[in-house]
Amino acid sequence: MSLTFQEASERVDRFISQFKEGYFPPLLNLARMTEEVGEIARVISHQNGKKPKAGEEVGDLEMELADLMFVMICMANGQGLDLERGFNKMMDKVENRDKERWTKKE
């Protein structure tokens, strides 16, 4: 199933909007984002040589990245931001700034 930024934002909003508490404040979302990045680091570490602790699973990188994306969308929605617009601006920046930075494939 393909999903646009807008559709993902709307789906998250439908979920969050059913609760009185609504979106977490920015600092709590930042803490949640930091936690998710740590979980991503743990999975990558386990996949690249570090043995998990006894009883700890290697983890699911796809799921951890999706968890981070959910928190990012929550943060953007809570702040009234448009991730698609932001992503397009960021890609314009790197596509221009970094277009000669690395060796192009033949």
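Note: hydrogens, waters and symmetry copies are ignored here, and every other heavy atom, side chains too, is used.
Note on Met91: it clusters hydrophobically with Ile73, by side-chain heavy-atom contacts below 4.5 Å among ILVMFWY residues. The hydrophobic cluster containing Met63 does not contain Val37, counting ILVMFWY residues as joined when their side-chain heavy atoms lie under 4.5 angstrom apart, directly or transitively.
Without hydrogens or angle criteria, Asp98 side chain to Arg101 main chain gives no donor-acceptor distance under 3.5 Å. Gln18 places a side-chain N or O within 3.5 Å of a backbone atom of Phe15 that can act as its donor or acceptor partner. Judged by distance alone, with hydrogens and angles left aside, the side-chain atoms of Ser17 form a donor-acceptor pair with the main-chain N or O of Asp13 at under 3.5 Å.
Interatomic distance, Asp92 CG to Arg97 CZ, rounded to the nearest 0.5 Å: 12.0 Å. Taken to the nearest 0.5 Å, the CD atom of Glu35 stands 12.0 Å off from the CG atom of Leu30. Here the CG-OG distance, from Asn77 to Ser9, works out to 3.5 Å after rounding to the nearest 0.5 Å. Here the straight-line distance linking atom CD of Glu95 with atom CG of Asn88 works out to 9.0 Å at 0.5 Å rounding. How far OG of Ser2 is from CD of Glu7: 7.0 Å, rounded to the nearest 0.5 Å. Atoms CE and CG, from Met72 and Leu81 in turn, are 11.5 Å apart once rounded to the nearest 0.5 Å.
Here the closest heavy-atom approach between residue Gln79 and residue Pro26 is recorded as NE2-CG, 3.0 Å. Closest approach of Phe24 and Asn29 over heavy atoms only: O-ND2, 3.3 Å. Nearest heavy atom pair, residue Lys104 against residue Glu100, reads NZ-OE2, 4.4 Å. When every heavy atom of Ala76 is checked against every heavy atom of Leu83, the shortest pair comes out as CB-CG, 3.6 Å.
Phe5 meets the ring pair (Phe, Tyr, Trp, His ring centres under 6.0 Å) test with Phe87; sequence neighbours excluded. Applying the salt bridge (charged side-chain N to carboxylate O under 4.0 Å, His left out) criterion to Arg32, with sequence neighbours excluded, gives no partner residue.
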Verdict with reasoning, Val12 to Tyr23, per side chain to side chain contact (heavy atoms under 4.5 Å, CB included) | CA-CA 10 Å; Val12 168; Tyr23 290 102; 4.2 Å; yes
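Enclosure of atom CE in Met90 by more than 12 non-hydrogen atoms of other residues, nucleotides or ligands within 6.0 angstrom is indicated. Within a 6.0 Å sphere centred on CG of Leu27, heavy atoms belonging to other residues, nucleotides or ligands number 12 at most.
The list of side-chain hydrogen bond (donor to acceptor under 3.5 Å, both in side chains) pairs with a residue in residues 58-68, not counting sequence neighbours, is empty.
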